[in-house]
Number of protein chains: 2
Amino acid sequence: MKISHRGEYALKCLMALSFNYGKGVVQLRSISEKEGIPYKFLEQIMIALKQGGLVKSQKGKLGGYQLSRSPEEISLGEVIRLIDGPLAPLGNESELKKLVKERGRHSGLYAVLLDVRNACSAILDKQSLRDICVKTIELQEKGTEAYMYFI
Amino acid sequence: MKISHRGEYALKCLMALSFNYGKGVVQLRSISEKEGIPYKFLEQIMIALKQGGLVKSQKGKLGGYQLSRSPEEISLGEVIRLIDGPLAPLGNESELKKLVKERGRHSGLYAVLLDVRNACSAILDKQSLRDICVKTIELQEKGTEAYMYFI
DNA sequence: TTATATCATACAAATCCTATAGGAATTATA
DNA sequence: TATAATTCCTATAGGATTTGTATGATATAA
Ligand code: FES
Ligand code: FES
């Protein structure tokens, strides 16, 4: 698995929406500027996130985006799969399983790669956007409020 | 991390050399045909593996390649790093560590990505080429000898 | 001398990624 | 109603990366 710029932008943007969950919509312009993400590029990413059911939008003036579920119901794994594909170093879970079962000349190799994909999934499917918020806040120095986004 | 065709070819080729360790050199033509790897592409990959110190070559007629260390002294991690770069979903270990320590707006996110890279490294740096040989043989049906390469 | 292999570089083709552009549709507000 | 601000949608350019081919040089066993 590899996280592209596109994927990193998506994650950062969703973190911004997580910090603002329950406070209405946030506009892309604001996120784009704060995170240094090219505006028109971000627009495309958000369309994908919307089609994937992670965010919902409000059109028109004063429109914007918000999470469509609470941050604790969205895992990192779900985001990364949506934007950058399977969480495996090669192929995907079922493909790797098949290669192992075929018992070919490299089944041992694929078995280890399947272990890797399972280890990655175990972490990324467990960590929710909310967990990341908490972790980030914990990592801040006491007294700093760098994690505050748009309030 | 993502394993490219190039990386997969390298791993398969090194497995062939592992199964033949101690029996002299193996020629690329043979590996290329058996594994379905484009011959001239494989040549390039082998040069990289040689420069990385994983294999040594014998030139001229009856030449070929062999592992420069025993299969148990070469880890999957070392191979993948050499061909496809760092074992992290984003950047590399020291870069991720730095991003976490900076305590920026996304330190929590990078902390989890560092966990992922650590999980991947833990597996791939531990598994040696010999381990893969053993695993592959174990996965074969009794009586089959599909793992036998060039004997 | 010949056949066969590695070594090295250059380059072509295809694919993927990043980013930009232009405009349509929608909505709040003056 | 007019205007401004925003999401929505598609096309496409440019660049980077990956994959593979071509050509020839060099080394060595027979
Ligand atoms: S980071 Fe690629 S599968 Fe784990
Ligand atoms: S497979 Fe990409 S870092 Fe684990």
Side-chain angles (χ1 to χ4, degrees), chain A residues 1-13 16-17 20 24-33 35-68 80 82-86 89-91 150, chain B residues 1-13 16-17 20 24-33 35-68 80 82-86 89-91 150:
Chain A
M1 177 253 302
K2 194 190 121 206
I3 300 179
S4 62
H5 275 196
R6 198 181 161 85
E8 192 177 354
Y9 292 161
L11 287 167
K12 286 181 173 176
C13 181
L17 296 184
N20 280 71
V25 301
V26 181
Q27 287 147 15
L28 290 193
R29 191 119 257 150
S30 139
I31 295 178
S32 158
E33 283 167 6
E35 297 290 351
I37 303 171
Y39 177 71
K40 294 299 259 179
F41 197 17
L42 184 56
E43 275 189 332
Q44 291 181 46
I45 295 169
M46 296 315 288
I47 290 174
L49 292 181
K50 189 186 175 186
Q51 287 171 351
L54 297 187
V55 300
K56 57 188 179 187
S57 63
Q58 185 180 318
K59 288 194 207 170
K61 196 171 180 180
L62 300 199
Y65 284 93
Q66 61 189 127
L67 295 184
S68 60
I80 295 174
L82 182 62
I83 300 296
D84 280 322
L90 206 70
F150 301 99
Chain B
M1 175 252 304
K2 192 189 125 211
I3 300 179
S4 63
H5 276 194
R6 198 180 162 85
E8 192 177 353
Y9 293 160
L11 286 168
K12 286 181 173 176
C13 181
L17 296 184
N20 280 70
V25 300
V26 180
Q27 288 148 15
L28 290 193
R29 191 119 257 150
S30 139
I31 296 179
S32 158
E33 284 167 8
E35 297 290 351
I37 303 172
Y39 177 71
K40 291 304 256 179
F41 197 17
L42 184 55
E43 274 190 333
Q44 290 181 46
I45 295 169
M46 295 316 287
I47 290 174
L49 292 180
K50 188 186 176 186
Q51 287 171 348
L54 296 186
V55 301
K56 56 189 178 185
S57 65
Q58 184 180 318
K59 289 196 206 170
K61 195 171 181 179
L62 300 198
Y65 284 93
Q66 58 188 332
L67 294 184
S68 61
I80 296 174
L82 182 62
I83 300 296
D84 281 323
L90 206 70
F150 301 99

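Lettering follows sequence order; numbering is per chain, from 1. Basis for what follows: all heavy atoms, side chains included, without hydrogens, waters or symmetry-related copies.
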Drop me the distance from B:L17's CG to B:I31's CD1, to the nearest 0.5 angstrom. 4.5 Å

Quickly work out the A:I47 CD1 to C:dA19 P distance and round it to whole Å. 17 Å

Let me spell it out: for each of B:S4 and A:Q58, pick the nucleotide of DNA chain D with the closest heavy atom. Which residue's pick is nearer the 5' end? A:Q58

Send over the distance from B:K59 NZ to D:dA30 C1', rounded to a whole Å. 19 Å

So, for B:G7 and B:D84, which heavy atoms are closest and what is the spacing to 0.1 Å? CA-OD2, 3.5 Å

Nearest-Å distance for atom pair CG/P, residues B:L49 and C:dC7: 11 Å

Send over the distance from B:E43 CD to D:dT26 P, rounded to a whole Å. 16 Å

Would you please confirm or rule out a distance under 4.0 Å between OP1 or OP2 of C:dA19 and any side-chain N or O of A:Y9? yes

Which atom pairs link the protein and nucleotides 1-4 of chain C when you take only N or O atoms and keep those under 3.5 Å?
{"residue": "C:dT4", "atom": "O2", "partner": "B:K61", "partner atom": "N", "Å": "3.2"}

Geometric cation-pi criterion, A:R29 with A:Y39: 6.0 Å, 45°: yes

Counting only distance, no hydrogens or angles, is the base of C:dT18 paired donor-acceptor with the side chain of A:K40 under 3.5 Å? no

Polar pair under 3.5 Å, donor/acceptor by atom type, side chain B:Q44, base D:dT21: yes

Salt bridge (Lys or Arg N to Asp or Glu O under 4.0 Å) filter on B:E33, not counting sequence neighbours, yields none

Nearest-0.5 Å distance, CG of residue B:N20 to CG of residue B:L67: 9.5 Å

Whole angstroms only, please: what is the CD1-P distance between B:I45 and D:dT18? 12 Å

Winner on side-chain proximity to B:R6, out of D:dT7, C:dC7, D:dT19, is D:dT19

Nearest whole angstrom, please: distance from the P of D:dG20 to the NE2 of B:H5. 7 Å

Nearest to side-chain heavy atoms of A:K50, which nucleotide of D:dC8, C:dT6, C:dT20: D:dC8

Non-hydrogen atoms of B:S68 and B:G53 that approach each other most closely: OG-O, 2.6 Å

Can you tell me how far P of C:dT6 sits from CZ of B:F41, to the nearest Å? 17 Å

Assign B:Y39 to base, sugar-phosphate, or nothing according to its heavy-atom contacts below 4.0 angstrom with the strands shown. base

Roughly how far apart are A:K12 NZ and A:I37 CD1, rounded to 0.5 Å? 6.5 Å

In whole Å, what is the span from the CD1 atom of B:I31 to the P atom of C:dA5? 12 Å

